[in-house]
Number of protein chains: 2
Amino acid sequence: MQNKDSRQDRKKAPDCTTDTCEIVYVDHKKVSSVIRRMKPEPVVQRIAETFKVLGDPTRTKIIFALSAAELCVCDIASLLNTTRSAVSHQLRILRNMRLVKYRKEGKMVFYSLDDSHINNLFTECLRHVEEYD
Amino acid sequence: MQNKDSRQDRKKAPDCTTDTCEIVYVDHKKVSSVIRRMKPEPVVQRIAETFKVLGDPTRTKIIFALSAAELCVCDIASLLNTTRSAVSHQLRILRNMRLVKYRKEGKMVFYSLDDSHINNLFTECLRHVEEYD
DNA sequence: CTAACAGTTGAACAGCTGTTCAATCGTTTG
DNA sequence: CAAACGATTGAACAGCTGTTCAACTGTTAG
């Protein structure tokens, strides 16, 4: 019983790339099974990129604000107590990730959320955050 | 009809903090309504922090891997083709955010996901990512 | 005890990121 | 047309981030 799954499937890695290539034991069966279940690289990259974009406080607040109402750049800047320039830069990033869309009305540009999943993402994240407080 | 909601509630902001404080029109009614609906600052910060932690490709992959199986540091490093040190650093960050937990077995440390919401977050994010391809 | 080794940690460093500032664009108004 | 102004953009810069490297800890095996 002292020799569970953690030892018997471990073999010296021939293509060891870890650290200074000491002898390293890896559970190859388990690892290759996990590799088979991983999402393809481009998908992982896009997921990471999406989370990253949501992971800046200014952008988080913009998303929250836009989930409550359609707003122009001035409104958002006033709301967040920051400059129109800073907001505009962040809105470009959100636009590029298709997280917000915009509508022009004369000189003004009104922004709103582009995607219904975003609210679900925030709801789920909120649930995690509020779990331990 | 040419004067819709975008103009009539806009007033010069007395506490204008945007740019060089030119005359700036803000829809105060709308803005204060949105402010009332915003989450409190610490909650926003924690949400942003959580997304940020998930927004690094290495950490994204670690989470994906751990959602498939419990793994030790060596397994993960082998899986991601990186060093144990790099993985260990990232695992510390994930641990601090209570996203992963660990279990020691002799010299080895086995990591697994700590939170059921994480899988939901990834599922929802995947849905967004796969929408436009 | 000593050697081996899985894992952690801190310092250093290169690369990235968000804000600021100034210049510019486009639309509206007088 | 010119002035006003909402919005965007690019450059610059400070601050942050992730990896690497080397040193270290703790456990196991001989």
Side-chain angles (χ1 to χ4, degrees), chain A residues 2-3 6-7 10 12-13 16-27 48-49 51-62 71-78 80-97 100 102-111, chain B residues 2-3 6-7 10 12-13 16-27 48-49 51-62 71-78 80-97 100 102-111:
Chain A
Q2 65 272 49
N3 214 2
S6 51
R7 261 300 176 208
R10 296 187 176 276
K12 183 175 177 177
C16 171
T17 54
T18 56
D19 290 333
T20 49
C21 215
E22 314 149 14
I23 297 164
V24 170
Y25 287 82
V26 172
D27 186 334
E49 206 182 348
F51 281 132
K52 190 178 180 180
V53 164
L54 299 177
D56 172 73
T58 304
R59 289 191 294 262
T60 306
K61 287 175 198 163
I62 292 177
L71 297 166
C72 70
V73 178
C74 255
D75 291 338
I76 300 173
S78 159
L80 305 191
N81 232 9
T82 185
T83 64
R84 277 175 289 152
S85 176
V87 170
S88 191
H89 277 298
Q90 301 298 7
L91 283 170
R92 187 171 47 80
I93 294 172
L94 293 172
R95 241 164 33 220
N96 289 344
M97 290 299 289
V100 304
Y102 63 96
R103 167 178 78 80
K104 291 191 180 175
E105 190 180 310
K107 279 186 288 193
M108 313 188 67
V109 181
F110 287 92
Y111 281 87
Chain B
Q2 63 272 49
N3 215 4
S6 51
R7 261 299 177 208
R10 296 186 177 274
K12 183 174 178 179
C16 171
T17 55
T18 55
D19 290 336
T20 48
C21 213
E22 315 150 13
I23 297 164
V24 170
Y25 287 82
V26 172
D27 186 335
E49 206 184 346
F51 280 133
K52 189 178 181 180
V53 164
L54 298 176
D56 172 74
T58 304
R59 289 192 292 263
T60 306
K61 286 175 199 163
I62 291 176
L71 297 166
C72 70
V73 178
C74 254
D75 290 339
I76 300 172
S78 158
L80 305 190
N81 232 10
T82 184
T83 64
R84 277 175 290 152
S85 176
V87 170
S88 189
H89 277 297
Q90 302 298 7
L91 283 170
R92 186 170 49 80
I93 294 173
L94 293 171
R95 238 163 36 217
N96 289 344
M97 292 297 291
V100 303
Y102 64 95
R103 168 177 76 81
K104 291 191 181 176
E105 191 180 308
K107 278 185 291 193
M108 313 188 69
V109 180
F110 288 92
Y111 280 87

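Below, chain A is the first sequence line, B the second, and so on; all start at residue 1. Only this structure's heavy atoms are used, side chains among them; waters, hydrogens and symmetry mates stay out.
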- To the nearest Å, give me how far apart CZ (B:Arg92) and P (C:dG10) are. 7 Å

Tabulate atom names and distances for all N/O pairs under 3.5 angstrom spanning the protein and nucleotides 23-30 of chain D.
none

- Item | Reported OG-to-CZ distance for the pair A:Ser78 and A:Arg84, which is rounded to 0.5 angstrom | 11.5 Å

- Message: Once rounded to the nearest 0.5 Å, what's the spacing between atom SG of A:Cys74 and atom CE of A:Met108?
- Response: 6.5 Å

- Query: What is the per-nucleotide protein-contact pattern of nucleotides 12-18 of chain D, from the 5' end, where B denotes a base atom under 4.0 Å from a protein heavy atom, S denotes such proximity for sugar-phosphate atoms only, and - denotes neither?
  - Reply: -----SS

- Message: Ignoring hydrogens and geometry beyond distance, is the side chain of B:Ser85 in donor-acceptor contact with the base of C:dT9 at under 3.5 Å?
- Response: yes

- Keeping the roles fixed (side chain from A:Asp75, backbone from B:Asp27), state whether a donor-acceptor pair exists under 3.5 Å. yes

- Task: Round to a whole Å and report the spacing from NZ of A:Lys104 to P of C:dG26.
- Result: 9 Å

- Here the distance between atom C1' of C:dT8 and atom CD1 of B:Ile76, to the nearest Å, is 14 Å

Only distances under 3.5 Å count here; give the side-chain donor-acceptor pairs of residues 87-95 of chain B to other protein atoms, sequence neighbours excluded, each with its distance to 0.1 Å.
unit_1	atom_1	unit_2	atom_2	d
B:Gln90	OE1	B:Arg59	NH1	2.8
B:Arg95	NH1	B:Tyr111	OH	2.7

- B:Arg84 CZ to D:dT19 P, in whole Å, measures 16 Å

- Message: If the cut-off is 4.0 Å, is B:Tyr111 near the phosphate of C:dA6, judged by side-chain N/O to OP1 or OP2?
- Response: no

- Rounded to the nearest 0.5 Å, the CD1 atom of A:Ile76 sits from the OG1 atom of A:Thr82 at a distance of 11.5 Å

- Query: Using the C1' atoms of the five pairs at each end, what is the angle between the end axes of the helix from C:dC1-D:dG30 to C:dG30-D:dC1, to 10°?
  - Reply: 20°

- Just how far, in rounded Å, is P of C:dT19 from CG of A:Asn81? 13 Å

- Message: It should be established whether B:Arg95 places a side-chain nitrogen or oxygen under 4.0 Å from OP1 or OP2 of nucleotide C:dG7.
- Response: no

- Message: For B:Val73 and B:His89, find the nucleotide of DNA chain C closest to each by heavy atoms; which residue's nucleotide sits nearer the 5' end?
- Response: B:Val73

- Query: Reckon A:Thr83 has a side-chain N or O less than 4.0 Å from the OP1 or OP2 of C:dT20?
  - Reply: yes

- Task: Ignoring the backbone of B:Thr82, work out which of C:dA6, D:dT8, D:dT20 is nearest its side chain.
- Result: D:dT20

- Roughly how far apart are B:Cys72 SG and B:Arg103 CZ, rounded to 0.5 Å? 10.5 Å

- Message: Just verifying a value: how many Å separate B:Leu80 CG and B:Thr60 OG1, rounded to the nearest 0.5 Å?
- Response: 10.5 Å

- When the distance from NZ of A:Lys61 to C1' of C:dT19 is rounded to whole Å, what number comes out? 14 Å

